[in-house]
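The structure under discussion appears below in the form of structure tokens.
Just so it is clear, the model here is predicted, and its values are computed rather than measured. Counting starts at 1 for both ligands and their atoms, in listed order.
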Amino acid sequence: MKTEKVILLTGFEPFGGETINPSQCIVEALDHTLIGGHRIVGRVLPVAFAPCECLVAEWIEELNPALVIGLGQAGGRSELSLERIAVNLIDARICDNDGSQPVDVPVQAGAAAGLFASLPLKRILLALQNAGIPAAISHSAGTYVCNQVFFLTASCLAKSTSQGRGGFIHVPWLPEQGVNHPGQPSMALAAMIEGVTLAIRTSLAHEADIALAAGTTH
Ligand code: PCA
């Protein structure tokens with residue numbers, strides 16, 4: 001019988017003209033490691049809407065993870081973005097890696113308009129900032145494949161009886177990508193790995209969040 005407690009950590013392949021994706025690098029670095037007594041199972045997703053419709057739900061069924069944390073690249077952002085809400089909308093600005101570009105369709109027909117992360121985001125924000133890692137709460141994960149995967153993860157966890165919790169973190173470009181985007185922010189891989197590890201530790205330690213103003217006025 002499988003008794004090991006696991007955490008599903010997902011990342012994505014490169015897309016949009018990049019040759020690397022920091023989310024994939026983080027997942028590969030943390031795969032098989034132990035964090036807070038939980039084994040990290042790292043999986044890399046294609047940047048393609050159709051295959052991502054089923055993959056995460058299949059992996060949740062297979063692994064029964066205590067936590068599901070999705071990672072994705074958000075080029076141009078300067079901080080680790082703790083995504084608060086997934087919207088039930090796909091509006092692809094660019095084609096996915098399979099050449100498809102769905103516009104104005106729901107992620108899941110008939111489902112809620114939005115689903116929240118079930119991680120203690122404010123606690124994670126404080127932990128990251130105290131560790132000197134730039135972080136922010138984000139109120140939009142976009143309308144592309146990351147938002148789709150975040151929505152499907154939240155939907156799957158809400159329906160399951162397993163008590164698993166989950167969320168999504170967008171990460172900046174790596175410095176080696178940043179050299180091709182002058183004037184744009186980037187973050188070292190080591191800081192991202194430390195930040196994701198801290199986010200996992202904080203999520204394992206606390207189910208409930210704290211009240212801390214971290215919203216935006218626009
Ligand atoms: N970022 C994209 C998809 C894959 C990734 O790493 C996004 O933010 O939707």
Side-chain angles (χ1 to χ4, degrees), residues 8-31 40 42-57 59 68-108 113-117 119 121 134-156 166-178 180-181 184-189 191-193 195-196 199:
L8 173 59
L9 187 67
T10 68
F12 282 98
E13 292 172 344
F15 72 105
E18 299 291 326
T19 54
I20 50 174
N21 188 322
S23 67
Q24 176 172 8
C25 303
I26 300 165
V27 163
E28 287 173 356
L30 291 176
D31 188 27
I40 302 297
R43 300 267 166 97
V44 177
L45 290 156
V47 183
F49 291 99
C52 283
E53 271 175 30
C54 302
L55 280 173
V56 176
W59 294 342
V68 183
I69 303 208
L71 304 174
Q73 166 192 302
R77 292 205 194 170
S78 54
E79 299 125 336
L80 295 187
S81 293
L82 310 173
E83 298 295 351
R84 192 163 198 177
I85 183 162
V87 295
N88 192 5
L89 174 70
I90 295 173
D91 185 354
R93 183 179 62 80
I94 53 173
C95 284
D96 69 14
N97 285 355
D98 284 350
S100 111
Q101 190 176 12
V103 169
D104 292 353
V105 294
V107 174
Q108 239 178 11
L115 293 171
F116 289 112
L119 303 177
L121 298 187
I137 303 282
S138 162
H139 297 90
S140 174
T143 54
Y144 196 51
V145 185
C146 287
N147 175 73
Q148 178 203 30
V149 163
F150 179 19
F151 190 94
L152 292 171
T153 300
S155 167
C156 182
F168 198 95
I169 303 175
H170 263 123
V171 303
W173 275 314
L174 290 164
E176 51 268 52
Q177 297 174 283
N180 299 317
H181 302 281
Q184 296 286 311
S186 63
M187 190 183 284
L189 180 59
M192 296 196 202
I193 292 170
V196 170

Worksheet item: Judging by distance only, is a nitrogen or oxygen of Val47 under 3.5 angstrom from one on ligand 1?
Response: no
Practice prompt. Would you check whether Ser23 has a nitrogen or oxygen atom less than 3.5 angstrom from a nitrogen or oxygen atom of ligand 1?
Written response: no
Output the list of atoms in ligand 1 that are nearer than 4.0 Å to some heavy atom of [X], sorted by atom number.
{"X": "Val145", "result": "9 (O)"}
{"X": "Tyr144", "result": "2 (C), 3 (C), 7 (C), 9 (O)"}
{"X": "Gln73", "result": "1 (N), 2 (C), 5 (C), 6 (O), 8 (O)"}
{"X": "Gly72", "result": "6 (O)"}
{"X": "Asn21", "result": "5 (C), 6 (O)"}

Discussion item. Within the structure, is a non-hydrogen atom of His170 found at a distance of less than 4.0 Å from ligand 1?
Written reply: yes
Item to complete: Can you pull out the closest protein heavy atom to atom 7 (C) of ligand 1? Residue, atom name and distance to 0.1 Å, please.
Response: Cys146 SG, 2.8 Å
Could you tell me whether the side chain of [Y] reaches within less than 4.5 Å of the side chain of [X], counting heavy atoms only?
{"X": "Val56", "Y": "Leu152", "result": "no"}
{"X": "Glu83", "Y": "Asn147", "result": "no"}
{"X": "Tyr144", "Y": "Arg93", "result": "no"}

Fill in: Passing option when Leu71 is tested against Leu45, Leu80, Asn21, Ile169 for side-chain contact (heavy atoms from CB on, under 4.5 Å)
Ile169
Practice prompt. From the options His170, Gln177, Glu18, select the one residue that forms a side chain to side chain donor-acceptor pair (under 3.5 Å) with Gln73.
Written response: Gln177
Response to the item:
Rounded to the nearest 0.5 angstrom, the CG-SG distance for Leu115 and Cys156 is 11.5 Å
Worksheet item: Hey, what's the ring geometry for Phe12 with Phe168, parallel, tilted or perpendicular (30° and 60° as the breaks)?
Response: tilted
